[in-house]
Amino acid sequence: MAKVMSYPEWLDLAEQLDRLEGHDRWREQDDSPLYHFELIRNHCGNLRKYRSEGNLPKLLKTLEESTYRHLAEISAPELYQRAHAGTKHLIVEFLEEVEASMHYICDNDFPGLSTSEKLEDFEHAAKVYGRTALFMSGGGAFGIYNLGVIKALLEEDILPRVISGSSMGSFVAVVIGSRSRKELVELFDNLEDIHTTALQMVSPLRMIKDRVVLDSDQLFESIQANVGTITFKEAYEKSGLAINISVSPTRSRQKPRLLNHLTTPNVLLAQSSLASCAIPGLFPPVTLKCVDENGAIVPYMQSELWADGSVYGDIPLLRMTRLHNINKTIVSQSNPHVIPFIAMQKRANLPAYTRKAIFRSLKAQSAIALDFARDNIAFGPARSVLDKAHAVTAQDYHGDINIHLSPSPKIYRNILSNPDLEALDNYILMGKRATWPQIAFIRDLTRICRAFEQCINKLKATTGTVNNS
């Protein structure tokens, strides 16, 4: 399973292993203390029954109950940690019945229910249910593995439409967000077209003068070669993906920013990613750029400078939740200081919530210690370092589903190196292999959200409504 080259191969072996270990029988049995299986079984049968009878009122009522965000705990992580190939068959069957019922209502005419009324009802229900988002962390060259995560999700047609990227994760986010789906598929078929020469040392004299190690001009050249001069609004209209870039402030009183087509529609993607990648001490801070009303490229908030998005918002869960109505989160983690701890948590023979609680407890204690140190140092360089260390420590790096790069001592040697074509292909393969064990969970977690999007788009096309969701 660790050596296969495609998801169908991996899944076939996972199903074989489940049979050998007896997990296939666990999947076939409905009962489990982890979820309300009687309720799910009942809803599953009723949805099927009311559809066959054409009983719209009862179908709508059951469907409304079935699309509650946390119904019967069916998205509990433990339900996806027992078997390798997926969870209980009853849960999958239930989600399929919900999806079939949504399309049944969407695709058929009913007396007293117009298409515009159906659209209004679906949009309201989708807002109540929420959306799924993918968060991609930083991690220097490690962050390129996120391309493999994207490719694995794209191949299974389960890539969320809301995506966040910080630091090197922002590089991947703007690369995919500036392309249509067809262009993105073509890019993965022609990896040599990706400009990866992003890191270049500056001269010793400049190191001393500017207090930086790497050349930001070279980094910007790489980003712009892959992205061009496209704004967040233009990227959203082209790709259909809501790309979000996290940038950190250099002023103590300034707040972190989440840049996207809603908050900063005319800001350029390339400069936003450059700012998010500007690791303090390695790159200088960045002034953002935007397109003004005359089409000219001008500074955005000229007096403000921005730096590495991972410092204050590697995984901006709260801001994304508020802005995009997120109810389920997928985190792709490649930060070198985080992945060893996540890997250790997974190896520990403890339930997911217990492991997460222990990790958060240790993290909180570290944050308290740094807070104590900050209280005793009011100003100066040491205070700035402590502020950044506290910000990094206090963050939450977990989502509902967590994908992470496998920690290996030899890959740490390449954290600040430009990958050649062979290395790029290897990073993508590592990203895909890290994603495959989570595909079943992601498919189930996002199924209802994707069904809402499909039905709403179909109804909007029927009514001639412009899709601005």
Main-chain N/O of D193 paired to N190 side chain as donor or acceptor, under 3.5 Å | no
Return yes if some donor-acceptor pair links the side-chain N/O of T62 with the main-chain N/O of L59 below 3.5 Å, else return no.
-> no
Pairing of E65 and K61 as salt bridge, 4.0 angstrom limit = yes
Are any of the side-chain heavy atoms of T87 and R27 separated by less than 4.5 Å?
-> no
Do the charged groups of E97 and R51 touch, with an N to O distance under 4.0 Å?
-> yes
Name the orientation class of the two ring planes belonging to F452 and Y129 (parallel below 30°, tilted from 30 to 60°, perpendicular beyond 60°).
-> tilted
Considering the options N146, N402, V172, which one meets the side-chain contact (heavy atoms from CB on, under 4.5 Å) requirement together with S332?
-> N146
Quick one: do E123 and K460 make a salt bridge, cutoff under 4.0 Å?
-> yes
Output yes when a side-chain donor or acceptor of T435 lies under 3.5 Å from a complementary backbone atom of A152, and no otherwise.
-> no
Heavy-atom count around E120 CD within 6.0 Å, excluding the residue itself: above 12?
-> no
Is there any salt bridge (charged side-chain N to carboxylate O under 4.0 Å, His left out) pair reaching into residues 223-245, and which pairs are they, with sequence neighbours excluded?
-> E183-K238
Could you tell me whether D444 and K88 have a side-chain N and a carboxylate O separated by less than 4.0 Å?
-> no
Quick one: closest heavy-atom pair of L153 and P160, and the distance?
-> CD1-CD, 4.2 Å
NZ/NE/NH1/NH2 to OD/OE distance under 4.0 Å, K458 and E453 | no
Heavy-atom neighbours of D109 CG exceed 12 at 6.0 Å | no
Is a side-chain N or O of R41 found less than 3.5 angstrom from the main chain of L90, in a donor-acceptor match?
-> no
Have E73 and H36 got a donor and an acceptor in their side chains that come within less than 3.5 Å?
-> no
Can you tell me if N418 and T196 form a side-chain donor-acceptor pair at under 3.5 Å?
-> no
Do T231 and N266 have a side chain donor and acceptor closer than 3.5 Å?
-> no
Is there a donor in the side chain of H261 and an acceptor in the side chain of N244, or the other way round, less than 3.5 Å apart?
-> no
Contacts of type ring pair (Phe, Tyr, Trp, His ring centres under 6.0 Å), residue Y80, not counting sequence neighbours = F441
T263 side chain vs L258 backbone, donor-acceptor pair below 3.5 Å | yes
What about Y104 and F110, are their ring centers closer than 6.0 Å?
-> yes
Does one side chain, of K328 or S75, offer a donor that lies under 3.5 Å from an acceptor on the other?
-> yes
Expected output: side-chain H43 to main-chain L39 donor-acceptor under 3.5 Å | yes
Is there a side chain to side chain contact (heavy atoms under 4.5 Å, CB included) between L63 and V98 once you walk through the steps?
-> CA-CA 7 Å; L63 195 57; V98 171; 3.9 Å; yes
Donor-acceptor pair, S170 side chain versus S167 backbone, under 3.5 Å?
-> yes
Could you point out which residue of S178, S272, P265 forms a side-chain contact (heavy atoms from CB on, under 4.5 Å) with F232?
-> S272
Decide yes or no for L134 and I150: does some side-chain heavy atom of the first lie under 4.5 Å from some side-chain heavy atom of the second?
-> yes
Donor-acceptor contact present, side-chain N294 to main-chain A296, <3.5 Å = no
